[in-house]
K.L.:
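My questions all concern the structure below.
Atoms within each ligand, like the ligands themselves, are counted from 1 in listed order. Just so it is clear, the structure is predicted and the values come from calculations on it, not from any experiment.
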Amino acid sequence: MAAPQQAHQSITCHCKAIRVTFPPLREPALECLCSICRRYGALWAYYKPDEVHVEGETEAYVWGKKTLSFNRCKECGCMTHYTVVGDTEPRVAVNCRMLDKEEYNKLESVESDGEGE
Ligand SMILES: [Zn+2]
């Protein structure tokens, strides 16, 4: 038998219409200070697309070079995750600010200046 997998974590938006489920963090969450992440106040954990499961309907914000799609709840407006669109390396970033308070308080994070973005 395979070793039991560590339990997945999930985040929800404020109204709980969106739920994103993902594996435990492998490194500290990243507080990116680029032009958009700073405004969102996002705190990221990065995964491959097939590791992340999104339930609920989101709407997207895509701008500029159109390589990133920031996805938010249509109801409460919480930005839960971004996905890479186009032909760059596929990636999903989960916004760890959406964790329950108990989980959020356990989180480790580092800052990145997001220069050039
Ligand atoms: Zn919501």
K.L.:
Would one find more than 12 heavy atoms of other residues, nucleotides or ligands at under 6.0 Å from atom CD of Glu59?
P.N.:
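Yes, because the 6.0 Å sphere around CD of Glu59 holds more than 12 heavy atoms from other groups.
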K.L.:
Between Cys78 and the Zn ion (ligand 1), is there a contact where an N/O/S atom of the residue lies under 2.8 Å from the metal?
P.N.:
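It does not; every qualifying atom lies at 2.8 Å or beyond.
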K.L.:
The Zn ion (ligand 1) as vertex, arms to SG of Cys13 and SG of Cys73: angle to 10°?
P.N.:
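Centred on the Zn ion (ligand 1), the SG/SG angle is 110° (to 10°).
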K.L.:
Assess whether atom CD of Glu103 is packed by more than 12 heavy atoms of other residues, nucleotides or ligands within 6.0 Å.
P.N.:
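It does: Glu103 CD has more than 12 such atoms within range.
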K.L.:
Check the orientation of Tyr82 and Trp44. Use parallel for under 30°, tilted for 30 to 60°, and perpendicular for over 60°.
P.N.:
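Ring orientation of Tyr82 relative to Trp44: perpendicular.
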K.L.:
Report yes or no: do Arg72 and Tyr61 form a side-chain donor-acceptor pair below 3.5 Å?
P.N.:
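Looking only at side-chain atoms, Tyr61 and Arg72 do not form any donor-acceptor pair under 3.5 Å.
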K.L.:
Could you tell me the angle subtended at the Zn ion (ligand 1) by SG of Cys15 and SG of Cys76, rounded to 10°?
P.N.:
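Vertex at the Zn ion (ligand 1): approximately 120°.
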